Amino acid sequence: MSLVNDWLEWLRLLWGFFLANVLGYGGGPASIPLMYNEIVTHYHWLDDTAFSNVLALGNTLPGPIATKIAAFVGFDVAGIPGLLIALLATIVPSAAAMIILLRLLQKHRSSPVVKGLTLLVQPVIAVMMLVLTWQLADESYGSIGLWQTLGIALVAFWAMQIRKIHPAFVILAAFTYGAIVLPYFV
């Protein structure tokens, strides 16, 4: 019976990550909201807090964010086989689509339709990122309150935009703050 459950979980991992990444035109920023939907909303592999922690930690590490999220969730759900399945489901759609689309774009690179399609996808990605940001901010507000959420957001904005501190260091500082200060408030 355990082998059947393993196979079902492997198929869920394959389908969940494949779906999120085959529809995630534009890489990580486009696939993150889709991955969130599959990981948190649909399959319940992680909750909002765990997903935001994985997303923050993944952003501190080098490389594509989608593969880091897939590796973490796949391993958490089904160990090494889950990690490999989630990674393959994340990488193969992008690689196959890139090969096919590059051939098509090379053939039709001066077409106004191709240029128009590329421009039309950008607002959709922006809206998806805005919705995900709203959901994560709402979760933060519910967990630590309005003033701490706004304070952390303002300090992060100041550090990255004004002081030009690398985002990885800002995320590490937020992790440190959360580990030291927030247990007293939550």
Side-chain angles (χ1 to χ4, degrees), residues 9-10 12-13 16-17 19-21 24 26-91 94 124-186:
E9 201 60 49
W10 294 344
R12 287 184 191 108
L13 280 168
F17 282 98
L19 188 63
N21 288 287
S31 63
I32 289 171
L34 298 170
M35 291 175 90
Y36 172 87
N37 185 59
E38 295 299 316
I39 293 167
V40 176
T41 308
H42 188 244
Y43 291 109
H44 307 288
W45 289 320
L46 299 176
D47 61 12
D48 283 330
T49 303
F51 183 82
S52 61
N53 287 338
V54 169
L55 182 62
L57 182 60
N59 275 319
T60 65
L61 301 171
I65 186 69
T67 56
K68 292 178 279 191
I69 292 172
F72 178 86
V73 173
F75 184 79
D76 192 49
V77 170
I80 298 293
L83 179 145
L84 295 173
I85 290 167
L87 277 177
L88 284 174
T90 300
I91 295 168
S94 300
V124 173
I125 293 170
V127 168
M128 289 169 52
M129 289 302 292
L130 184 63
V131 168
L132 179 63
T133 301
W134 182 264
Q135 289 172 335
L136 293 176
D138 187 46
E139 175 72 23
S140 176
Y141 168 72
S143 296
I144 62 174
L146 176 64
W147 297 113
Q148 283 197 67
T149 299
L150 288 176
I152 292 168
L154 289 172
V155 168
F157 177 81
W158 172 82
M160 290 186 293
Q161 296 298 318
I162 308 297
R163 299 290 301 173
K164 304 295 184 203
I165 296 173
H166 193 277
F169 295 120
V170 175
I171 292 169
L172 285 173
F175 270 141
T176 304
Y177 175 79
I180 294 171
V181 177
L182 290 184
Y184 299 108
F185 291 98
V186 178

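Because the structure is predicted, anything quoted here is derived from the model rather than measured.
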Rounded to the nearest 0.5 angstrom, the CG-CG distance for D76 and L46 is 6.0 Å
For the residue pair Y43 and G16, what are the closest heavy atoms and their distance?
CE1-CA, 3.8 Å
Value for CD1 (I91) from CZ (F17), rounded to nearest 0.5 Å, stands at 11.5 Å
How close do L136 and S52 get, heavy atom to heavy atom, and via which atoms?
CD2-CB, 3.7 Å
Under 3.5 Å, side chain of H42 to main-chain N/O of I39, donor-acceptor pair present?
no
Kindly indicate whether the side chain of V155, heavy atoms from C-beta on, has any atom under 4.5 Å from the side chain of Y177.
no
So how far is it from Q135 CD to L130 CG, rounded to the nearest 0.5 Å?
10.0 Å
Heavy-atom closest pair, residues A78 and L13:
CB-CD1, 3.9 Å
Rounded to the nearest 0.5 Å, how far apart are CG of N37 and CG of L132?
10.5 Å
Would you check if I32 and F51 make a side-chain contact, meaning some heavy-atom pair closer than 4.5 Å?
yes
When rounded to the nearest 0.5 angstrom, what is the spacing between OG1 in T41 and CG in L34?
11.0 Å
Under the side chain to side chain contact (heavy atoms under 4.5 Å, CB included) test, residues paired with V127 that sit two or more places apart
V131
Contacts of type side-chain hydrogen bond (donor to acceptor under 3.5 Å, both in side chains), residue T149, not counting sequence neighbours
S140
List the atom of A86, the atom of G74, and the distance in Å for their closest heavy-atom pair.
CB-CA, 4.0 Å
Which heavy-atom pair separates A159 from V170 by the least distance, and what is that distance?
CB-CG2, 3.8 Å
Using only atom types and a distance under 3.5 Å, with no angle test, would you say the side chain of D138 pairs donor to acceptor with the backbone of W134?
no
Which pairs count as ring-ring contact (aromatic ring centres under 6.0 Å, His included) when at least one residue sits in residues 151-175, sequence neighbours excluded?
none
Just verifying a value: how many Å separate L87 CG and F72 CZ, rounded to the nearest 0.5 Å?
13.5 Å
Can you list, pair by pair, the side-chain donor-acceptor contacts under 3.5 Å of residues 60-71, counting residues two or more places apart and other chains?
{"residue": "T60", "atom": "OG1", "partner": "L57", "partner atom": "O", "Å": "2.5"}
{"residue": "T67", "atom": "OG1", "partner": "P64", "partner atom": "O", "Å": "2.9"}
{"residue": "K68", "atom": "NZ", "partner": "G58", "partner atom": "O", "Å": "2.5"}
{"residue": "K68", "atom": "NZ", "partner": "L61", "partner atom": "O", "Å": "2.5"}
{"residue": "K68", "atom": "NZ", "partner": "G63", "partner atom": "O", "Å": "2.9"}

Contact list for residues 80-91, test side-chain hydrogen bond (donor to acceptor under 3.5 Å, both in side chains), sequence neighbours left out:
N21-T90
Taking side-chain hydrogen bond (donor to acceptor under 3.5 Å, both in side chains) as the test, write out the residues that go with W45, two or more places apart.
E9
Decide yes or no for E139 and D47: does some side-chain heavy atom of the first lie under 4.5 Å from some side-chain heavy atom of the second?
no
